[in-house]
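Okay, here's the structure, questions in a sec.
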Amino acid sequence: MHIDVIISADDIKEEKLKDKVVVIIDVLRATSVMVTALNNGCKKVIPVREVEEAMNLAEQDKENNLLGGERDGIKLEGFHFSNSPLDYTKEAVEGKILIMTTTNGTRAIKNSESADMILIAAMINGKAVAEKLAALKKDVVFVNAGTYGQFSMDDFITCGYIIKCMKDIYGDDNKSMSLSDIAITAEYIYKANPDIHSFVKEASHYKRMEQLSYNEDLKYCFTKDTVDIVPVYKDGELKIIN
Ligand code: 3SL
Ligand code: MG
């Protein structure tokens, strides 16, 4: 099993995804929202690229469709929810369909559609994703959404955590895993920074979140393994797989 990492939605190359299991990470905050909404009973999440596209889709079934997302971190006019995972409570999303558009996260998913399989990961379901990957035994590419096409420390340390969990699962057998240089570096960064907050607080997007007073979101998004579901993206929709 080979493990590789792509550092931003703009760095995705189709040939790198061919026949691979792709794991999308936008820990701040799109994939944390997706995992939370589905864990709280949302029927499915439909990620779309554009705001207008999301609004048109929502119009088709106003009773059941909810709109969520952001641009530049701010809730969109006419949308039900912002891109705070804390908005997506059981009461708010149970039995509903969430249509989502975000600056980087939904774009990373759409840009990865040529992969064999697409899973959605965050820190809150990191261990569950590692278990799923270990069971699949296929080559993996972590796609870090990044921020506006740039490398993001927050996504990178999250993928380092998942790689470390995979190694723990494999135990002495972890020689069957081969890591690219960047995958080794991601794991190294995680292991060298067990206090994730003091590492990610230097990240530009973390600072932006603080500026917008999203401190509770930061705490929530960097708490490990509070959720044990793994969403999969298929035919334009995210659902939970067992
Ligand atoms: O870029 C994205 O997809 C968002 O998750 C960014 S934000 O955290 O909502 O600002
Ligand atoms: Mg992000």
Side-chain angles (χ1 to χ4, degrees), residues 2-17 20-35 47 49 69-74 83 85 101-115 118-126 129-130 133 139-167 178-212 214 217-218 221-222 224 233:
H2 187 68
I3 317 276
D4 200 4
V5 181
I6 290 175
I7 61 157
S8 91
D10 287 0
D11 290 288
I12 296 167
K13 291 193 188 105
E14 260 189 37
E15 66 269 21
K16 283 208 153 199
L17 310 187
K20 304 286 193 303
V21 176
V22 161
V23 179
I24 309 283
I25 300 176
D26 186 1
V27 66
L28 295 178
R29 295 168 293 168
T31 56
S32 298
V33 166
M34 291 162 184
V35 171
R49 285 182 194 273
E70 55 68 45
R71 282 299 178 271
D72 296 324
I74 313 281
N83 203 32
T101 182
T102 71
T103 315
N104 307 287
T106 50
R107 202 158 55 85
I109 295 173
K110 294 310 238 181
N111 288 357
S112 300
E113 279 179 336
S114 61
I118 301 180
L119 307 180
I120 303 298
M123 208 53 113
I124 56 171
N125 72 337
V129 171
L133 293 172
D139 290 349
V140 178
V141 178
F142 287 92
V143 169
N144 293 353
T147 307
Y148 300 108
Q150 300 294 314
F151 172 83
S152 233
M153 293 163 71
D154 38 294
D155 294 333
F156 197 58
I157 195 166
T158 304
C159 101
Y161 173 58
I162 299 170
I163 293 168
K164 192 235 168 228
C165 289
M166 289 172 77
K167 280 203 170 169
S178 66
L179 273 63
S180 66
D181 285 10
I182 190 161
I184 292 170
T185 311
E187 188 201 6
Y188 173 82
I189 290 289
Y190 171 73
K191 282 185 169 162
N193 294 280
D195 175 14
I196 301 165
H197 277 272
S198 45
F199 177 75
V200 289
K201 73 175 198 285
E202 302 301 328
S204 59
H205 198 58
Y206 189 101
K207 288 179 184 157
R208 169 83 179 142
M209 297 283 101
E210 277 185 322
Q211 217 177 46
L212 294 169
Y214 295 155
D217 285 13
L218 291 169
C221 291
F222 288 112
K224 287 180 259 178
Y233 176 75

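Everything numeric here is computed off the predicted structure, so don't read it as measured data.
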What pair of heavy atoms forms the shortest contact from Thr158 to Ala122, and how long is it? CG2-C, 3.8 Å

Looking at every heavy atom in both Ile24 and Ala108, which two are closest together, and how far apart are they? CD1-O, 3.7 Å

Got a sec, which residues hit side chain to side chain donor-acceptor pair (under 3.5 Å) with Asp139, two or more places apart in sequence or on another chain?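 Asp139 satisfies side chain to side chain donor-acceptor pair (under 3.5 Å) with no other residue.
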
Quick one: salt bridge (charged side-chain N to carboxylate O under 4.0 Å, His left out) pairs with a partner in residues 180-200, sequence neighbours left out? Lys167-Glu187, Glu187-Lys191

Is there a donor-acceptor pair closer than 3.5 Å between any side-chain N or O of Asn193 and the backbone N or O of Ile189? yes

Contacts of Tyr148 that satisfy ring-ring contact (aromatic ring centres under 6.0 Å, His included) - sequence neighbours left out: none

Mind checking what makes ring-ring contact (aromatic ring centres under 6.0 Å, His included) contact with Phe156, not counting sequence neighbours?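 Residues passing ring-ring contact (aromatic ring centres under 6.0 Å, His included) with Phe156: Phe151.
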
Who are the side chain to side chain donor-acceptor pair (under 3.5 Å) partners of Lys224, not counting sequence neighbours? Tyr190

Residue set satisfying side chain to side chain donor-acceptor pair (under 3.5 Å) with Glu113, at least two apart, ordered chain then number -> Lys110, Tyr233

Go through Asn144 and Ile6 one step at a time and tell me if the side chain to side chain contact (heavy atoms under 4.5 Å, CB included) criterion holds. CA-CA 6 Å; Asn144 293 353; Ile6 290 175; over 6 Å; no

Report the residues that fulfil ring-ring contact (aromatic ring centres under 6.0 Å, His included) with His197, sequence neighbours left out, ordered by chain and then residue number. Phe222

Just by distance, no angles: are the side chains of Arg49 and Asn111 close enough, under 3.5 Å, to form a donor-acceptor pair? yes

Residue list, ring-ring contact (aromatic ring centres under 6.0 Å, His included) with Tyr206, at least two apart or on another chain: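 Listed in chain order: nothing, the list is empty.
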
Where do Glu14 and Ser114 come nearest, in terms of heavy atoms and distance? CG-OG, 3.4 Å

Do Asp10 and Arg107 pass the salt bridge (Lys or Arg N to Asp or Glu O under 4.0 Å) test, and can you show the C-alpha distance, the side-chain angles, and the key distance before you say yes or no? CA-CA 9 Å; Asp10 287 0; Arg107 202 158 55 85; 2.5 Å; yes

How many angstroms lie between CG in Leu133 and SG in Cys165, if you round to the nearest 0.5 Å?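 Going from the CG atom of Leu133 to the SG atom of Cys165 covers 10.5 Å.
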
Among residues two or more places apart or on two chains, list those pairs meeting salt bridge (charged side-chain N to carboxylate O under 4.0 Å, His left out) that have a residue in residues 143-159.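 For residues 143-159: none.
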
Taking only residues two or more places apart in sequence or in another chain, which ones pass salt bridge (charged side-chain N to carboxylate O under 4.0 Å, His left out) with Lys16?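 Counting only residues at least two positions away or on another chain, Lys16 forms a salt bridge (charged side-chain N to carboxylate O under 4.0 Å, His left out) with Asp4.
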
Taking all non-hydrogen atoms of both residues, which atom of Ile163 and which atom of Ala183 are closest, and how far apart?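 Nearest heavy atoms, Ile163 then Ala183: CD1-O, 3.7 Å.
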
Tell me, please, which residues at least two apart from Lys164 pass salt bridge (charged side-chain N to carboxylate O under 4.0 Å, His left out). Asp168

Output yes when a side-chain donor or acceptor of Ser32 lies under 3.5 Å from a complementary backbone atom of Leu28, and no otherwise. no

In terms of heavy-atom contacts, does CD of Glu210 have more than 12 from other residues, nucleotides or ligands at under 6.0 Å?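 Counting neighbours around CD of Glu210, more than 12 heavy atoms of other residues, nucleotides or ligands fall under 6.0 Å, so yes.
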
Among pairs that include at least one residue of residues 21-30, which meet salt bridge (charged side-chain N to carboxylate O under 4.0 Å, His left out), considering only residues two or more places apart or in two chains?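 Salt bridge (charged side-chain N to carboxylate O under 4.0 Å, His left out) check on residues 21-30 returns Arg29-Asp217.
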
Check: Thr103 main-chain N/O paired with Asp72 side-chain donor or acceptor under 3.5 Å: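 A pair under 3.5 Å: no.
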
Side chain of Tyr214, backbone of Gly73: donor and acceptor closer than 3.5 Å? yes

Nearest atoms (heavy-atom pairs only) where Ser112 meets Leu17: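 So the minimum-distance heavy-atom pair works out to CA-CD1, 3.5 Å.
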
What's the shortest heavy-atom distance between Ala121 and Thr31, and which atoms?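 Smallest heavy-atom distance, with atoms named: O-OG1, 2.8 Å.
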
